[in-house]
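Below you'll find the structure, written out as structure tokens, and then a few comments.
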Amino acid sequence: GAGVSQSPSNKVTEKGKDVELRCDPISGHTALYWYRQSLGQGLEFLIYFQGNSAPDKSGLPSDRFSAERTGGSVSTLTIQRTQQEDSAVYLCASSFYIPRGVYTDTQYFGPGTRLTVL
Amino acid sequence: GQNIDQPTEMTATEGAIVQINCTYQTSGFNGLFWYQQHAGEAPTFLSYNVLDGLEEKGRFSSFLSRSKGYSYLLLKELQMKDSASYLCAVSYGQNFVFGPGTRLSVLP
């Protein structure tokens with residue numbers, strides 16, 4: 001079946017402009033995650049959505065970053081007034097949700113959006 | 001926050017065996033994942049451990065010790081295509097914390 005998709009694949013923007021990044025999770029996956037990965041670095045958690053619960057925003061680096069998830073499916077990550085340090089690959093992942101217990105479902109990643117802020 | 005440690009880089013020879021270690025904080029631990037990430041690509045799932053012991057999947061095996069906060073990924077019969085970064089990720093409930101990744105170079 002279809003995997004996680006993200007758009008655009010590449011985005012070049014000027015400092016100070018706003019950008020929107022889109023993620024389409026795997027159908028039926030109720031959990032959705034956003035990460036960013038700077039060149040040669042590990043994954044940095046940004047935000048987590050689970051069903052209709054309030055999102056976990058603890059990883060957002062500043063109030064310029066926000067995310068929405070409409071209808072429990074598609075998610076949009078918005079970065080306002082972009083800065084050069086926002087340049088990175090933004091990865092989205094989705095998974096099934098299993099109530100807290102012994103097991104946790106694996107995440108499936110999209111191909112990412114490479115953001116370059118000039 | 002939760003700290004996850006992995007070696008930054010490793011080098012091995014084609015056909016050999018390599019072990020990539022990962023240590024993590026045990027408080028709130030739920031399970032541990034290993035992902036492979038080739039340069040310029042998204043991470044892909046390799047293995048998942050929730051109980052102590054060794055999980056084997058073909059050339060790849062993953063080991064977990066919950067009490068020690070320790071895991072390793074074992075790659076056998078290395079191939080050139082195994083050159084990639086290997087990410088250790090720990091789930092604490094539904095939160096995932098990724099390690100910095102280990103860049104493995106397989107030499108002919």
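In what follows, chains carry the letters A, B, and so on, assigned in the order in which the sequence lines appear, proteins first and then strands, with residues in each chain numbered from 1.
Taking all atoms of both residues into account, the shortest heavy-atom contact from A:Q107 to B:Y35 is N-OH, 3.3 Å. Nearest heavy atoms, A:F109 versus B:A42: CB-CB, 3.9 Å.
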Atom pairs and distances, side-chain donor-acceptor, residues 7-16 of chain B, under 3.5 Å, sequence neighbours left out:
none

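No path of Ile, Leu, Val, Met, Phe, Trp and Tyr side chains, each step under 4.5 Å between heavy atoms, connects B:L54 with B:L51, placing them in separate hydrophobic clusters. Taking hydrophobic clusters as Ile, Leu, Val, Met, Phe, Trp and Tyr residues chained together by side-chain heavy-atom distances below 4.5 Å, A:L60 shares a cluster with A:V19.
Every residue two or more places apart in sequence or in another chain was checked for a salt bridge (charged side-chain N to carboxylate O under 4.0 Å, His left out) with B:E77, and none qualifies.
If you measure heavy-atom distances from B:P100 to chain A, the contacts under 4.5 Å come from the backbone alone. Only the side chain of A:Q37 comes within contact range of chain B, with at least one heavy atom under 4.5 Å from a heavy atom of that chain. With a 4.5 angstrom heavy-atom cutoff, A:L91 touches chain B only via side-chain atoms. For a residue to count as touching a neighbouring chain, one of its non-hydrogen atoms must lie under 4.5 Å from one of that chain's; by this rule A:Y35 touches chain B with the side chain only. Only the side chain of B:Q37 comes within less than 4.5 Å of a heavy atom of chain A; its backbone N, CA, C and O stay farther away.
Atom-to-atom distance recorded for B:F45:CZ and A:Y108:OH is 7.0 Å, nearest 0.5 angstrom.
Within a 6.0 Å radius of CD in B:E41, other residues, nucleotides and ligands contribute more than 12 heavy atoms. Heavy-atom contacts from other residues, nucleotides or ligands closer than 6.0 Å to CG of A:L118 number more than 12.
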